Amino acid sequence: MPLPSQPLRKLGFLTIGLFDEADPRKGHESTLEIIQLGERLGFDSAWLRHRHLQYGISSPVAVLAAASQRTTRIELGTAVIPLGWENPLRLAEDLATVDLLSGGRLNPGISVGPPMHYDQVKQALYPDTAAAEDFGYDRVARLLDFVRGKPATDFSGVEGFEVFSDRVQPHAPGLGRRLWYGGGSLRSAQWAGEHAMNFLTSSVVKAEESEDFAEVQLSHVRAFRAHHPDGDRARVSQGLVVIPTDSASPEQRAKYEAYAEKRLPRTATPQGPARLMFAPDLVGTSAEIAERLYAHAAFREIDEVAFALPFTFEHDDYVQILTDIATRLGPALGWQASAQHA
């Protein structure tokens, strides 16, 4: 097994947070319990996916507000909030509020582009401005400015009995350095670096200069750091689907292998007009997964991960997977839980 250039420094996980339409609270509670388990196991971070008009978490910022009151140490992130659904000023207020409630543990991840199925949803989302909405990087720049304390208005002062601020309130010191961009292209990687963000790279990239997933992802990591003020010290987190089977039952192993096999064909060639490349799901013992990761060109460039939990599994499956990641896979990658949670 090749040795990593450096031990894994931060171990995180990502969940989609599914629920039953007839009983949505149960699914949300399950997500909160998984985050609490993650903290007990020593994970450094827990991240939520964002799903609109689906049976997944539509408001991760609200769920993370709840999680902030049930945990004390674990960092809480979004991977990612699609900004096309958001007003940057209002989102900045929500993010700052939750960051303060968490004691400075929020790591908001965001992305750009038009909302999914925009032609079908635009009348509900932007009935008067659908054709004029800008879903490009300027939307991110506005959010960055508001979170980092730049003026949102030229009015401030006292009016009657009310006091007004010219910048978003509350202001959360440090949050501006914990904003992440979820990107799958060279252009996004470069833009995120130029704007001093952190970079989330996941199991989906655009096949631009290569059709080898690891090579493409590596090029994004290097492009990001080449354009970031911090250079090689700029933070990058890799998010692949990882399913260790060390303590899994035979039934669980069969389920996991069938899940990965069903999704494998899409990893062979670029998919669709955007030429998207998908990484294979990593299923096996922690030793087997560690060997595959050490052979992954992009993994060797990073020291932070947010391993993605697979969709549609049961709560007990996630408990087994997270426990194996924290107790077996993490240590195999050189990661050490903090002393009070080891």
Side-chain angles (χ1 to χ4, degrees), residues 1 8 11-18 31 34 38 43 45-51 54 56 79-80 182 184 200-207 210-218 220-221 237-272 274-300 302 304-330 332-333 335:
M1 181 187 298
L8 189 65
L11 177 65
F13 68 91
L14 167 65
T15 180
I16 193 172
L18 295 176
T31 298
I34 288 295
F43 278 90
S45 61
W47 303 73
L48 299 184
R49 285 192 184 274
H50 204 145
R51 288 292 183 267
Q54 293 179 268
V80 289
L200 292 166
T201 180
S202 70
S203 56
V204 186
V205 297
K206 288 185 178 180
S210 169
E211 292 187 6
D212 180 284
F213 181 93
E215 287 182 5
V216 174
Q217 194 170 61
L218 176 62
H220 295 173
V221 172
S237 179
Q238 184 189 45
L240 302 177
V241 178
V242 168
I243 312 175
T245 58
D246 302 270
S247 66
S249 68
E251 293 78 16
Q252 286 175 317
R253 282 197 294 273
K255 181 201 300 187
Y256 302 162
E257 289 165 0
Y259 175 88
E261 184 177 356
K262 184 177 180 181
R263 285 156 49 98
L264 186 61
R266 68 177 187 166
T267 69
T269 57
Q271 304 289 301
R275 289 179 53 80
L276 298 179
M277 289 292 295
F278 292 85
D281 303 325
L282 303 182
V283 182
T285 66
S286 290
E288 292 167 342
I289 292 174
E291 185 170 7
R292 293 179 68 182
L293 287 171
Y294 286 153
H296 194 291
F299 179 80
R300 293 198 297 266
I302 56 91
E304 300 187 41
V305 295
F307 289 138
L309 295 175
F311 300 167
T312 69
F313 285 9
E314 300 299 322
H315 183 90
D316 289 346
D317 299 330
Y318 295 138
V319 171
Q320 175 265 311
I321 292 169
L322 284 179
T323 301
D324 280 358
I325 290 175
T327 61
R328 304 191 187 199
L329 178 57
L333 298 173
W335 174 77

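Because the structure is predicted, anything quoted here is derived from the model rather than measured. In this chain, numbering begins with 1 at the start of the sequence shown.
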Return the minimal non-hydrogen interatomic distance between [X] and [Y], and the atom names on each side.
X	Y	answer
Y256	I243	CD1-CG2, 3.4 Å
F213	F278	CD1-C, 3.9 Å
P244	I325	CG-CG1, 3.6 Å
A297	A214	N-CB, 4.0 Å
E215	S210	OE1-OG, 3.1 Å

CD of E314: more than 12 outside heavy atoms within 6.0 angstrom? no
Going through the distances and angles, do K206 and L276 end up as a side-chain contact (heavy atoms from CB on, under 4.5 Å)? CA-CA 5 Å; K206 288 185 178 180; L276 298 179; 3.8 Å; yes
Rounded to the nearest 0.5 Å, what separation is found between the [atom1] atom of [X] and the [atom2] atom of [Y]?
X	Y	atom1	atom2	value
Q238	H296	CD	NE2	5.0 Å
L264	E257	CG	CD	12.5 Å
E288	L282	CD	CG	11.0 Å
E291	S286	CD	OG	13.0 Å
L11	L333	CG	CG	8.0 Å
F311	R263	CZ	CZ	6.5 Å

Below 4.5 Å, heavy atoms only, C-beta onward: do [X] and [Y] meet side chain to side chain?
X	Y	answer
L293	L240	yes
W47	L200	yes
L322	L309	yes
D317	K255	yes
I321	P310	yes
R292	P280	yes
F307	L329	yes

So, does [X] use its side chain to make a donor-acceptor pair with the main chain of [Y] at under 3.5 Å?
X	Y	answer
D281	V241	no
Q271	T269	yes
S249	Q252	yes
T245	G284	yes
Y294	F299	no
Q320	D246	no
R275	P270	no

Can the ring centres of F313 and Y259 be said to be less than 6.0 Å apart? yes
Using the side-chain contact (heavy atoms from CB on, under 4.5 Å) rule, take M277 and V216 through it: C-alpha gap first, then chi angles, then the decisive distance, then the call. CA-CA 9 Å; M277 289 292 295; V216 174; 5.5 Å; no
L14 and R49: CA distance, side-chain angles, deciding distance, side-chain contact (heavy atoms from CB on, under 4.5 Å) verdict: CA-CA 7 Å; L14 167 65; R49 285 192 184 274; 3.6 Å; yes
